[in-house]
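The structure appears below as structure tokens.
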2 protein chains.
Amino acid sequence: MTNSEAAAQSLSIGEVAERTGLSVHALRFYEREGLLVAPVQRTSGGRRRYTPFDVEWLLVCVKLRESGMPLADLKHFAELVRHGPGNEAERLHLLDTHRQRVDAQIQALEECRSVITWKVAVYTEHLARGAAEGLWAPTT
Amino acid sequence: MTNSEAAAQSLSIGEVAERTGLSVHALRFYEREGLLVAPVQRTSGGRRRYTPFDVEWLLVCVKLRESGMPLADLKHFAELVRHGPGNEAERLHLLDTHRQRVDAQIQALEECRSVITWKVAVYTEHLARGAAEGLWAPTT
DNA sequence: GCTTGATCTGGACCTCGCTCTAGATCGTAG
DNA sequence: CTACGATCTAGAGCGAGGTCCAGATCAAGC
């Protein structure tokens, strides 16, 4: 890949914000916090140019954040990747631990869901009966 | 129910903390924030006594919080209940809206889960092959 | 050359949801 | 009566995760 091809593929911070759903503020913040694998390239004028690699990494970050991974863990993961090959076992462990948390979270949410569904049914029935009995009781 | 029966069923803040998983600090905080349906009863000495009703309400609160309902919404819900019968439709709406958010959240988490599973598989394979290729690439 | 909009930096500030502190009081066991 | 642990109030503090601001610079179009 030539320099110009690379330049053509690279994106400004605004474009990356659009593609990742992160704000430009958040992108700069993530960078400061060391969440990126490599320092972002700059134009001669000092503007950031993100490579497709950067964007893909950020998309993974977004998914991990969405699922509740703390920034500190994300930073640790980035450090491992930055450090290069040889620590795949640790990366694996990090991800697998997180997957377990996600599983637990899904389960918890499904429980919440059924509690809510139950409550919704209660109110729906109440309304159907013309709200004849006004008293709210937690279990009914 | 006599007074003494009610008193026997009522719990101290510490007992409620145990049963709900909230800290005593959080319990007092929730009360200050108006998240309870009714003001908590007090002993002659000024200590809080929670009724079974209070505890059940708090357990619902915990479930709703766990599933990401903001305190502001919880407060609103409490206000509706406090205000008594006649607003069941609004309560229903509040809960149903939240359920939709929970559903979306579950779906998002499942997506995250599959992304993570994929990544885990990549690293596992990598390790199985003796980490022959060290290059990390976001998609592989 | 000039305007306009995007981006730059460093640091202050914000919201949320608690958590903790200090200093006083209650209440129960010895 | 004395200890001692639980609880009380008001209010300060905290950690996470950004968000926003000021003032300057860059880059593209007219």
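Letters go in sequence order (proteins before strands), and every chain restarts at 1.
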Less than 4.0 angstrom between a side-chain N/O of [X] and OP1 or OP2 of [N], yes or no?
X: B:R42; N: D:dT9; value: yes
X: A:Y30; N: D:dG18; value: yes
X: B:T43; N: C:dG27; value: yes

Practice problem: Scan A:R48 against the nucleic acid and name what it touches under 4.0 Å (heavy atoms): base, sugar-phosphate only, or nothing. | Solution: sugar-phosphate

Quiz item: Which sits closer to the 5' end of DNA chain D, A:L22 or A:R28, going by the nucleotide each is nearest to?
Solution: A:L22

What nucleotide, of [options], holds the atom closest to the side chain of [X]?
X: A:I13; options: C:dT19, C:dG17, C:dT7; result: C:dT7
X: B:A26; options: C:dT7, C:dC8, C:dC18; result: C:dC18
X: B:R65; options: D:dA27, C:dG27, C:dG17; result: C:dG17
X: B:S23; options: C:dC18, C:dT19, C:dC8; result: C:dT19

Whole-Å distance separating the [atom1] atom of [X] from the [atom2] atom of [N]:
X: A:R49; N: D:dA27; atom1: CZ; atom2: C1'; value: 11 Å
X: B:E31; N: D:dC8; atom1: CD; atom2: C1'; value: 11 Å
X: A:F29; N: C:dC8; atom1: CZ; atom2: P; value: 17 Å
X: A:E33; N: C:dG11; atom1: CD; atom2: P; value: 14 Å
X: B:K75; N: C:dC16; atom1: NZ; atom2: P; value: 12 Å
X: A:E18; N: C:dT7; atom1: CD; atom2: C1'; value: 15 Å
X: B:Y50; N: D:dT7; atom1: OH; atom2: P; value: 10 Å
X: A:L35; N: D:dA16; atom1: CG; atom2: C1'; value: 13 Å

Quiz item: Does the D:dT25 base have a donor-acceptor partner in the side chain of A:R47 within less than 3.5 Å?
Solution: yes

Exercise. Tell me whether the centres of the aromatic rings in B:Y50 and B:W57 are closer together than 6.0 Å.
Key: no

Quiz item: Is any side-chain N of the basic residue among A:R42 and A:E31 closer than 4.0 Å to the acidic one's carboxylate O?
Solution: yes

Quiz prompt | Test salt bridge (Lys or Arg N to Asp or Glu O under 4.0 Å) applied to A:D73 and A:R101, A:R91, A:R65, the passing residue | solution = A:R101

Quiz prompt | Test item: side-chain donor near acceptor, A:R99 and B:T117, under 3.5 Å | solution = yes

Practice problem: Verify salt bridge (charged side-chain N to carboxylate O under 4.0 Å, His left out) between A:R19 and A:E15, making sure each step is shown before the conclusion. | Solution: CA-CA 6 Å; A:R19 278 164 182 71; A:E15 289 165 330; 5.4 Å; no

